[in-house]
Amino acid sequence: MSIQYLGFDEISGPLVALDNVTGVGYDEVAYIKLSDGSERTGRIVEISGDKAILQVFEGTKGLSLKNTKTKFTGKPMELALSEEMLGRVFSGSGKPIDGLGDIYPEKYADINGKPLNPVSRTYPRNYIRTGISSIDCLMTLIRGQKLPIFSGSGLSHNKLAVQIVRQAKIADENGQDFAIVFGAMGVKNDVADYFKKSFAESGVQQKVVMFMNLSNDPIIERILTPRCALTAAEYLAFEKNMHILVILTDITSYCEALREFSSSKGEIPGRKGYPGYLYSDLASLYERAGIAEGSTGSVTQIPILTMPNDDITHPIPDLTGYITEGQIVLDRSLDQTGIYPSVSILPSLSRLMKDGIGEGYTRADHSVVANQLFAAYAKVQDARSLASVIGEEELSDNDRKYIEFGTQFEKHFISQKFNEDRSMEETLDLGWSLLSLLPKSELDRVDEELLDKYYDSESAARKFEL
Amino acid sequence: MENKIYSVNGPVVKVKNTKDFSMLEMVYVGEKRLIGEVIGVTSEATTIQVYEVTTGLKVGEPVIGTGAPMSVTLGPGIISNIFDGIQRPLQEIQKQSGRFIDEGANVPAIDTEQLYDVTMTVSVGDSLKGGEVYASCPETSVITHYCLLSPELSGKVIWIADNGKYHVNDTICKIENEKGQVHELTLCQKWPIRQPRPAKDRKMISRPLITGQRIIDTILPIAKGGTAAIPGGFGTGKTMTQHQLAKWCDADIIVYIGCGERGNEMTQVLDEFTELIDPKTNRPLTDRTVLIANTSNMPVAAREASIYTGITLAEYYRDMGYHIAIMADSTSRWAEALREISGRLEEMPAEEGFPAYLPSRLSEFYERAGYVETLNGKEGSVTIIGAVSPQGADFSEPVTQNTKRFVRCFWALDKSLAYARHYPAINWTTSYSEYIDDLTEYYNREVGEDFLQMRQEISNILIEENQLMEIVKLIGADVLPDGQKLIIELARIIRVGFLQQNAYHKDDTFVPLSKQKLMMDAILTLYHCSQKALEEGVPMSEVVNSGMFERTVKIKYEIPNDKPQMFDTLKADMIKTFDGLILKEKERSGL
């Protein structure tokens, strides 16, 4: 019979304090029974002498100093794991909420996970074709990578994520199991429904594990949501050898929750009031992507975050960018001109693509095309800003060609339909056609051999009806 | 009396009412014997930072002091190994706990089973001073390990083992000091990580660290024993630049510290360095590399320690007479670890929440670089190249600004260059190197007196272009006079053909100084020839379309490193082409 503690000594925000507690460990989970029979879960966030401070996942609403009984479990927060999780919906703290009952667990695992030993990692090399030209050609997604989408409120990040999920699954040629773990942190009900509906329509529902913390759910639970999702992902990937794509949305809500929790604990704030450990905390999530030796599975992460005020230097996108292996940035002005997906090419990047493209993976000329497109599009921006000062009429021939190239590039390459699935060949050939709109001498990153093979300005002009 | 844990808050643990611990002492915390370090002592409480995850730690669990400060083990077996922030070998941890790192892993820092072929270098009766060599053994195919007497000891050799095979912990020598105390020496020794190892004398900086990267060697050189910072926002190529330097620079040993960075990057270093062959020694690069990997998801206190662990290892090899380059990626993560722990200690924050002692910690670190005469009379150096990840790519933040005060080389990475995929994205106008004066003698002697002149001329063209671009942005390039158009055209050749360097091209990834000079020479010849042609009245369009500009841009790919004679042909062609143009112009104007 374990000890139960009656009542609390202090309640403040999501935190409660208990005095005269003995034999409990840091990070240990406790169950709090209310007098009406309902039960809540809490976790120790600080112990000092015989005083323990707990965070209550479901919030402290309705708790008083005497109407509770608290029982400690002696274990950190654990998630029940089993292959049955596929197709199920869980709350942010890992309890089934789809009315189908508990799962029969094969094992339990600490949701905080443990750091993957760098020597046990396998360097990711295998690319994932998403069928989206801008991503496939210019910021190729690699299996085992963490590639966030930096978006803003009102942009089409959710649509893009759904398109990636739908098209990426087909790309797995050797038929290995593919599944999606979806972690929703503080998302709106409509958004959650949109994802559910889209997964159902594209027939992947039975391959999705969902962890739902909606925007009106308690914030402490929100802090657990990505950890539960990633624990499930690691289990499926490394023990069941599946390829797992983890979609986490919205990281911004998660960070807000962390800030709220940190300030109620009275911690010294860092930049913009976010706790000083925000970097380490985000890293403990993002670093759980990868491929481990001795398993054929992988965890690929696509976290989605909305940049407050579209500011890429805000702490959340900034720290994220320093941890993740690249980023896909969405741009509001492209979006407003009706271009979907509104990927802003220049600040977007995939750090791992260099080793997963080219001969044997995609096509030998891939990196050359990508580099030349980046360089050329950077010049488009220069030409455009010049044109806005002196007018397009006054531009030199070269600059005018760049502006034409820029327009066609946005219209035909970046822009594509929601259900359009382009092959790698198509994408790269399209890239060459666009480059052929520029004079040969401007293509300084391409050698003669490739130019002879792919450069064809006449058919390019015909193709884009110039 | 046994000391017990009183409170736990993240990585910070407190013990009440004890006087047993000293500052910076290493301690074992809890039943699992987690490694920790004392960071605060008051009469009320002792504060300890724990280098591992504290989940499950309970009030009342024991804390045991070791009586010694946080130290590393120095001995053969360090090179080509990969350690975490407190020198635990990750490969051994993998054997013990599998893919994921368990807390409380207790593994010796260096392999105690391995036998080394030891040659004794002293005999009975010799007197030894601190820092002198008493034995040597081959450590890897390229590094010979010298066993150095700890700087704190000295005495007469009273016993020495025969040459032969020994483990690192076998006693191979005994010395007796003046007071008659006998010390037994093995192949290894301990040294506290926060204390710099002493040297006899700091020497003037006089030799460059050759990196094979044109923008660094020619425009912004770094010296052996120098310090450099690479600041840049995410995606500007900090890590890429550090990898390039680690691969190609002419240091004897590389210490690569992955401090709070990505796990996959460390795997990449491991993979690549095993495959890459060092052209100078024909051995894999791992044979001269030590990796310290404390990725961002590993405990934050160990991240703070990793920088010191790395530099202590470097100093140890410096004392053997080697030249070491340290790549610290990234010092901002280390500063953030300081901030995080400072926050847990509830210290008064200074700028941006960083502790007020940030600048002094930074200077302590960078000042451990230097070119020295070691205690045993050899020359060795430690060069520090630290990446800085400024928040929001804003160079005015505290870590960048304070680092700038303590380094003499500043390679600022530029977002717009990176966006245009111009790598290395080092901005030539905002970066600087203070080493040019120190290295003048070396350049004059080794690559010729005209090298620095050419460098200056190239820099001038770039500066002039920078000013012209202000005008071009407003009114376009067409209205400029031909002379200025030529500058812009030439600056393009310099940027694309010289400063931009392709890390994936077999010749371009490393370019020897001699070829860097020939490339500058070719570019300047082109400049002078076309200048002359313009003066003679040849129109700008004919100069630009002469084909020579296109050829010059591509010399980095088309002239292999081992065929310098091709530059002569190129120069001859240039002179011929432009002379032809001038002649044609003269004929046309009827002279």
Side-chain angles (χ1 to χ4, degrees), chain A residues 23-28 46-50 76 112 114-124 144 238 267-271 276-277 279-280 283-284 287 290 292-294 313 315 318 321-323 325-327 346-347 349 352 354 371 374-375 378 385-386 389-390 394-396 441 444 447, chain B residues 6-10 53-60 82 90-91 93-94 98-102 233-235 260 262-264 266-268 270-271 293 295-298 300 333 336 339-340 343 346 349 352-353 389 391-394 416 419-421 473-478 496 504 550 553 557:
Chain A
V24 297
Y26 183 71
D27 241 5
E28 188 172 327
E46 195 176 331
I47 40 177
S48 180
D50 59 358
N112 289 313
K114 287 199 170 118
L116 186 55
N117 192 326
V119 299
S120 311
R121 278 182 188 268
T122 306
Y123 189 66
F238 301 144
E267 290 171 337
I268 292 175
R271 208 154 45 122
Y277 50 80
Y279 178 84
S280 304
S284 72
E287 276 294 321
E293 254 171 36
T313 64
D318 191 42
Y322 278 123
I323 306 164
E325 286 136 351
Q327 64 277 339
L346 297 180
L349 168 80
L352 299 183
K354 60 183 188 300
N371 273 327
F374 272 121
S385 53
L386 185 59
V389 179
I390 60 170
E394 301 292 318
L395 289 180
S396 65
S441 59
D444 47 24
D447 56 33
Chain B
Y6 173 75
S7 76
V8 187
N9 177 9
V53 179
T54 50
T55 296
L57 216 52
K58 288 177 181 162
V59 169
I82 171 165
L90 287 170
Q91 259 135 356
I93 292 184
Q94 184 188 26
R99 286 177 205 149
F100 295 98
I101 300 172
D102 270 336
F234 57 83
R262 305 174 182 89
N264 279 334
M266 295 317 294
T267 316
Q268 187 193 358
L270 267 181
D271 274 16
T295 54
S296 53
N297 54 342
M298 284 155 81
V300 63
R333 304 293 157 241
E336 272 162 21
R339 173 168 73 182
E340 199 172 323
E346 298 179 356
E352 301 250 12
S389 323
Q391 304 166 353
D394 170 15
S416 56
Y419 283 178
R421 289 346 186 226
K473 265 185 211 147
L474 291 176
I475 54 170
D478 278 355
V496 179
Y504 304 107
E550 294 322 305
V553 165
Y557 298 138

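Chain letters run A, B, ... following the sequence lines, proteins first and then strands; every chain starts at 1.
- No other option in G353(B), G10(B), S416(B) has as many heavy-atom pairs under 4.5 Å with chain A as G10(B).
- The greatest number of non-hydrogen atom pairs below 4.5 Å with chain B, out of G23(A), G321(A), G276(A), G294(A), is found for G321(A).
- Contact of N9(B) with chain A is made through backbone and side chain together, with heavy-atom distances under 4.5 Å.
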The test is side-chain contact (heavy atoms from CB on, under 4.5 Å); show your working for R99(B) and L116(A) and say whether it passes. CA-CA 6 Å; R99(B) 286 177 205 149; L116(A) 186 55; 3.9 Å; yes
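- Minimum heavy-atom separation, V553(B) to V496(B): CG1-CG1, 3.9 Å.
- For E293(A), the parts sitting under 4.5 Å from any heavy atom of chain B are the backbone and the side chain alike.
- Residue L395(A) comes nearest to I390(A) through the heavy atom pair CD2-CD1, 4.1 Å, listed as atom of the first residue, atom of the second, then distance.
- Between chain B and the options Y123(A), Y322(A), F374(A), the largest number of non-hydrogen pairs under 4.5 Å is found for Y322(A).
- Looking at Q268(B), the atoms closer than 4.5 Å to chain A (heavy atoms on both sides) sit in the backbone and in the side chain alike.
- Ion pairing between a basic and an acidic side chain is recognised when a charged N comes within 4.0 Å of a carboxylate O; R121(A) and E287(A) show such pairing.
- Each of G290(A), P76(A), S385(A), P124(A) has some count of heavy-atom pairs under 4.5 Å with chain B, and the biggest count is that of P124(A).
- In this view, E352(B) satisfies the salt bridge (charged side-chain N to carboxylate O under 4.0 Å, His left out) rule with no residue, not counting sequence neighbours.
- Within the 4.5 Å cutoff, no side-chain heavy atoms of L352(A) are placed close to those of R262(B).
- L349(A) has its side chain within reach of R421(B): a pair of non-hydrogen atoms, C-beta onward, lies under 4.5 Å apart.
- The contact between I82(B) and chain A is made entirely by side chain atoms (from C-beta outward), counting heavy-atom distances below 4.5 Å.
- For chain A, no part of D394(B) is nearby; none of its heavy atoms comes within less than 4.5 Å.
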Do I323(A) and F234(B) pass the side-chain contact (heavy atoms from CB on, under 4.5 Å) test, and can you show the C-alpha distance, the side-chain angles, and the key distance before you say yes or no? CA-CA 9 Å; I323(A) 306 164; F234(B) 57 83; over 6 Å; no
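- The aromatic rings of F100(B) and F238(A) are tilted relative to each other, their planes meeting at an angle between 30° and 60°.
- In terms of non-hydrogen atom pairs under 4.5 Å with chain B, the most contact-rich of E394(A), E267(A), K354(A) is K354(A).
- Heavy atoms closer than 4.5 Å to chain A are found in the side chain of D478(B), but not in its backbone.
- For a residue to count as touching a neighbouring chain, one of its non-hydrogen atoms must lie under 4.5 Å from one of that chain's; by this rule Y277(A) touches chain B with backbone and side chain alike.
- For Y557(B), no part sits under 4.5 Å from any heavy atom of chain A, backbone or side chain.
- Heavy-atom pairs under 4.5 Å with chain B peak, among V119(A), D27(A), I268(A), at V119(A).
- Interface remark: R339(B) contributes side-chain atoms only to the contact with chain A (heavy atom separation under 4.5 Å).
- Of the listed residues D102(B), L474(B), L90(B), D271(B), the one with more heavy-atom pairs under 4.5 angstrom with chain A than any other is L90(B).
- By number of non-hydrogen pairs under 4.5 angstrom with chain A, the leading residue of E550(B), K473(B), Q391(B) is Q391(B).
- Among A378(A), S280(A), A292(A), S284(A), the residue with the largest count of heavy-atom pairs under 4.5 Å with chain B is S280(A).
- For chain A, the nearby parts of I101(B) are the backbone and the side chain; heavy atoms of each come within less than 4.5 Å.
- With a 4.5 angstrom heavy-atom cutoff, V8(B) touches chain A via backbone and side-chain atoms both.
- At a 4.5 Å heavy-atom cutoff, the contact between A283(A) and chain B is made by backbone and side-chain atoms alike.
- The shortest side-chain heavy-atom distance between R333(B) and S389(B) falls under the 4.5 Å cut-off.
- Looking at V59(B), the atoms closer than 4.5 Å to chain A (heavy atoms on both sides) sit in the backbone and in the side chain alike.
- Residue P118(A) comes nearest to M266(B) through the heavy atom pair CB-CB, 4.2 Å, listed as atom of the first residue, atom of the second, then distance.
- In plain terms, the two heavy atoms of I47(A) and G25(A) that are nearest each other are CD1-C, 4.2 Å.
- For T295(B), the part lying near chain A is the side chain, with the backbone staying farther off; criterion is any non-hydrogen pair under 4.5 Å.
- Considering only heavy-atom pairs separated by less than 4.5 Å from chain A, the leading option among G233(B), G98(B), G343(B) is G233(B).
- Contacts between Q327(A) and chain B at a heavy-atom distance below 4.5 Å involve the side chain alone, from C-beta outward.
- Shortest non-hydrogen contact noted between Y279(A) and G260(B) is OH-O, 2.6 Å.
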